[in-house]
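All remarks here apply to the structure that follows.
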Amino acid sequence: MPEKNVPSNFIRTIVQEDVLNNTHQGRVVTRFPPEPNGYLHIGHAKSICLNFGLAHEFGGRCHLRFDDTNPLKEEDVYVQSIQEDVRWLGYDWGRHLYFASDYFDQLWELALELIRREKAYVCSLSPEEIRQYRGTLTEPGQDSPYRTRSVEANLDLIHRMRAGEFTDGQHVLRAKIDMGHSNLNMRDPVIYRIMHARHHRTGDTWCIYPTYDFAHGLSDAIEGITHSLCTTEFEDHRPLYDWFLDNLPVPARPRQYEFARMNLNYTVLSKRRLIRLVQEGVVQGWDDPRLPTISGLRRRGIPPAAIRRFCELIGVGKSESTVDMAVLEHAVRDELNTTAPRVMGVLDPVKLVIVNYPQEQEEELEAVNNPEDESMGTRMVPFCRELYIERDDFREDPPRKFFRLAPGREVRLRYAYFVTCVEVIKDAEGRIQEIHCTYDPQTRGGGAPDGRKVKGTLHWVSARHCLRATINLYDRLFMVPDPTAEEKKGGDFMDQLNPDSLTVLRERPVEPHLGSAAAEERYQLERKGYFSVDPDSGPEELILNRTVTLRDTWAKLEKRHKG
Ligand code: ATP
Ligand code: MG
């Protein structure tokens, strides 16, 4: 599903040239390789859009491959949620759903082959010793005393490792490369380790598991991947990726290319941190609308098209940068402006009584569903003597440039009539209880036949007909742009949480039209922002989640932060 005017990037240029030069017989096969150890987040969306987008653009295909080589952290619920999220983002892997664990037999055979080629050996150093022998960035490593084991001894040991004769950590299988290599990843990396752990798919079949480095490139080769796109932290692993492919009989020769990770300000993207937020109850679950998870963004009401557009806007480069939350919100507003129907709802209500409107009378007024798109039609909105308007749309003592309602002043009620404030009713504490107005019956629909103008137009809801909604307003989850910066100083990112990230408004009047709204439908509450119907919303309780405000409040925030 490519978007219009896809901007180019260095990876797209590489793919384009490969297609022109008939490299990989002109084929383009990419993959998105999540580890099923958490929910997907907006950073993953960048990788998803890139991989699926390129495959689609160049007539190739993109595989969904679960990188499930670590049985300790992986769970089936994540396998399900990841598939749902990728599909919701608008991408389809067709029949190309794979699991690295599907290749455990083939990877085992390839490991045996490496041993037979004298390019791998069983090492019996303890994990601690392996670390000591590895050397440092400035000092070369030392050969393991087990490096010279014979092929026969290695084959015997690896079979016994697989048979479960040893405990975790007692032996490992290592590639025999070069302990003096300047790249630490090339200093005889571990390729199999003993883990007596049940795997979410292979159960107890295995007690040795391949490492990511060994499994990843070989899985790419097995699937015939042409362009293996990953984030820059794997750049130093590329020589190893290539080494396995060069030293083993593989059916294809994929190439790895690295692009920069996405970071977003005022939030965290690593699964390790997201898991803490969920497990420590800071948020209400993986799909809490304050989280940058795909399921959280979805529950917040962010349309998949806006996420795809956002990924396009931020582009694909080599150097890491932090994207401003405002960029995401901009993409969301752009999309919802043309697609979300308008309705009226009042977040902070005060009663407006039209004293010259007959007590029993009521009528329906025609309202435009979306001024940006006539094809979305109109709806009828009920009107009567008593309405709700926003408390801050009235000022007893209006400052200059306040064009809304004030004593003696006339304003327009959207799609209804002109009203003039004639009296203000207060309670004993001086708080405004009711605003009394008169209306001009000649102004039905919102215009005066004599051509007189008013400066303010207010939204309103009929007190007699309105529904009552629970409205969730969200603010940024953290108080600082980079909560993880605290960790570099020995602190905890959790200390930076914004205590006011969620405000729940109860029993707020909204127009009755919302009674028929289905879960996940998105609306603009006029002048108040875009909202979506929460999946838990129902006849007993209408729940609306604010997706974004109508204007950019983040830019202001950033300014304040910098200034
Ligand atoms: P995290 O650090 O959030 O736990 P991860 O890299 O461990 O993420 P994987 O499941 O291994 O998560 O990632 C699947 C794919 O998504 C990988 O190709 C990875 O490079 C990519 N990816 C993960 N996070 C980001 C990000 N922030 N920006 C771009 N791509 C990302
Ligand atoms: Mg990972």
Side-chain angles (χ1 to χ4, degrees), residues 9-11 30-55 62-70 72-75 77-83 85-86 89 91 93 98-101 200 211-213 215-217 219-220 223 225 227-238 241 254-279 286 291-297 307-308 310-323 325 327-328 482-484 487 493:
N9 63 62
F10 78 99
I11 291 186
T30 57
R31 84 286 170 270
F32 172 63
E35 187 181 353
N37 62 353
Y39 279 62
L40 296 183
H41 53 64
I42 186 126
H44 292 112
K46 175 176 179 178
S47 173
I48 294 168
C49 292
L50 179 63
N51 280 294
F52 280 93
L54 284 172
C62 181
H63 299 179
L64 175 61
R65 184 199 317 141
F66 287 99
D67 222 325
D68 57 349
T69 52
N70 183 353
L72 296 179
K73 290 192 288 179
E74 294 155 7
E75 285 177 41
V77 283
Y78 299 133
V79 171
Q80 301 310 323
S81 75
I82 289 171
Q83 291 184 59
D85 288 349
V86 176
L89 276 173
Y91 298 103
W93 52 89
Y98 303 107
F99 292 83
S101 56
H200 76 118
T211 55
Y212 170 87
D213 281 324
H216 195 82
S219 302
D220 283 345
E223 290 177 17
I225 300 299
H227 301 81
S228 179
L229 314 179
C230 63
T231 37
T232 46
E233 69 269 27
F234 292 103
E235 194 166 352
D236 287 348
H237 295 243
R238 182 165 12 105
Y241 182 99
R255 295 276 164 197
Q256 175 180 305
Y257 300 95
E258 306 87 18
F259 63 95
R261 287 181 96 74
M262 171 205 303
N263 301 303
L264 202 56
N265 62 8
Y266 294 100
T267 192
V268 291
L269 290 187
S270 90
K271 281 181 274 192
R272 179 172 61 81
R273 297 193 183 92
L274 292 171
I275 280 179
R276 273 193 65 197
L277 292 168
V278 174
Q279 288 183 346
W286 282 105
L291 289 182
T293 52
I294 302 297
S295 50
L297 299 173
I307 298 178
R308 296 195 298 267
F310 167 70
C311 289
E312 233 176 74
L313 286 171
I314 61 168
V316 179
K318 274 182 184 285
S319 53
E320 226 174 280
S321 64
T322 299
V323 181
M325 193 64 100
V327 180
L328 176 60
D482 178 11
T484 66
E487 291 181 352
F493 77 100

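As the structure is a computational prediction, the values presented were derived from the model and not from experiment. Both ligands and their constituent atoms are indexed starting at 1 by order of listing.
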Polar proximity ligand 1 side, Thr231 side, N/O cut 3.5 Å exclusive: yes
Nitrogen or oxygen of Cys230 less than 3.5 angstrom from that of ligand 1: no
Spatial distance of atom CG (Leu229) from atom CZ (Arg31) [nearest 0.5 Å]: 6.0 Å
Option nearest atom 12 (O) of ligand 1 (shortest heavy-atom distance, choices Glu35, Lys271, Arg273): Lys271
Interfacing atoms of ligand 1 (cut-off 4.0 Å, heavy-atom, Pro33): 14 (C), 18 (O)
Validation row: Pro34, Phe66 side chains within 4.5 angstrom (heavy atoms): yes
Whether Phe234 lies under 4.0 Å from ligand 1, heavy atom: no
Side-chain heavy atoms of Cys49 within contact of Tyr91, under 4.5 Å: yes
Heteroatom distance test (Lys46, ligand 1): nitrogen or oxygen, under 3.5 angstrom: no
Best match, Phe259, Phe66, Phe32: closest heavy atom to atom 15 (C) of ligand 1: Phe32
Separation of His227 NE2 from Thr30 OG1 (nearest 0.5 Å): 9.5 Å
Close-contact set for ligand 1 against Ser270 heavy atoms, below 4.0 Å: 3 (O)
Within the 6.0 Å centroid threshold, strictly below: Tyr78 and Tyr39: yes
Electrostatic pair Glu223:Arg65 at N-O distance under 4.0 angstrom: yes
For atom 6 (O) of ligand 1, the option (of Arg272, Arg261, Met262) bearing the nearest heavy atom: Arg261
Validation row, ring centre Tyr241 to ring centre His237 under 6.0 Å: no
